[in-house]
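These numbers were taken from a predicted model, which means no experiment stands behind them. For the numbers below, each heavy atom of this structure counts, side chains included, while hydrogens, waters and symmetry mates do not.
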Amino acid sequence: MSRTLEQAVREQVQSHRLDDRQAATLRAMQEQAGSGHSRAGWGRWGGAVLAAACALALLVYFLVPAGTGLPQPARIADEVAYNHVKLKPLEVKSANFDELRAYLAELEFSPVETALLDPQYYEVLGARYCSIEGQSAAQIRVRDRRTGEIHSLYQTRFDHERFGELSELEQLATPLSREARGMGVDIWVEKGLLFAITRQNASVAPGGEPPRE
Amino acid sequence: MFSRSDLDRHYRYCCSLTGNDADAFDLLQSGLETCLRKPPSNTLARHAYLRRILHNRFIDQQRARQRAPLADADEAFPVDVAGATLEDLVVEGLDFERVWTELQPAEREILYYWAVEGYTAAEIAEELEMPRGTVLSRVHRLRLRLRGMFGDAGEVLA
């Protein structure tokens, strides 16, 4: 199977992820630093504070089930919002979904058009490879014809093991809504894929219906 | 406060610099400790600040270990950068992980910004605070080097 250098590099880099213990250590460092009393003492007591943070992290690691911290919907919303804000260049520019699908052929799934975005209102602009929670994904940029707003639509294979916290989404008729970085993110499962889309309006789902959890 | 996905993103950057997971975590942990002493309030600035710390700390570590720093020794010599692009390189049937580990940190860093962050040469130059011509020189040399590595493994170049 041939792939571009860009794809090879992206897959190589994105194969790396902090394990739960490492993440807990870094989270504990941040919580310790954010507690206020520690900021001035970092320089003098940095080693002691770091040791305490590590001890706390280990405690968390052994006492709390793996994968806790931010709930998965919040993590996904944050990652999606972060990527949307950066508005990285599109790798393929086309309004034709077949062309996007052909370009994104290296994904382990075939991107599909979602029933929640009415083509009458949403214009597809293009796409690029990306990832969600470390899994390869498609980032498709769409424009709301009514408002001119740009949205980032993400799709990835709904892996029950990886997205276990979202299994309830398969039963929901409307998206789960979360706030992240000053914008709304709707998350849903459709046709065996996990979808997420950014939106400016925090109270209305992309299909125009109020979201429910 | 950096979220888990933020930290994963910075960790991947560290992996690109160091070439291995253990050093990457050490780099991220020490960089985060520095960042937390005086974190910018703005989210985007906080990310840029941490990225800058990680970059500079890695250079310091390389110097301390007397390893090759991020800049190439022959960078001062001008090269023809007319074909300085990586877009048309195709990898086929190659153990890319091996190629990745054999690259220099400076090469992996440029590839990271280009392929993962989607930066142009101008944006990479801005990020690394170097002239765009220097980035293009590195890309040109990187292209030659990759072609050599791919060629040895029977790779196809479009």
I'd like to check [X] versus [Y] (side-chain heavy atoms, cut-off strictly below 4.5 Å). Are they in contact?
| X | Y | result |
| --- | --- | --- |
| Gln30(A) | Leu32(B) | yes |
| Trp114(B) | Leu5(A) | yes |
| Arg4(B) | Glu133(A) | no |

Engaged part of [X] at the chain A interface, taking heavy atoms whose separation is under 4.5 Å:
| X | answer |
| --- | --- |
| Arg9(B) | side chain |
| Glu117(B) | both |
| Tyr119(B) | side chain |

Nearest-0.5 Å distance that lies between atom [atom1] in [X] and atom [atom2] in [Y]:
| X | Y | atom1 | atom2 | result |
| --- | --- | --- | --- | --- |
| Arg17(A) | Ser5(B) | CZ | OG | 9.0 Å |
| Arg21(A) | Phe25(B) | CZ | CZ | 8.5 Å |
| His16(A) | Ser16(B) | NE2 | OG | 7.0 Å |
| Gln22(A) | Asp26(B) | CD | CG | 9.0 Å |
| Asp19(A) | Tyr11(B) | CG | OH | 7.5 Å |

Honestly, the part of Gln12(A) sitting under 4.5 Å from a heavy atom of chain B is side chain
- Should we say atom CD of Glu126(B) is surrounded by more than 12 heavy atoms from elsewhere, each under 6.0 Å from it? no
In Glu79(A), Arg181(A), Arg27(A), the residue satisfying side-chain contact (heavy atoms from CB on, under 4.5 Å) with Ser3(B) is Arg181(A)
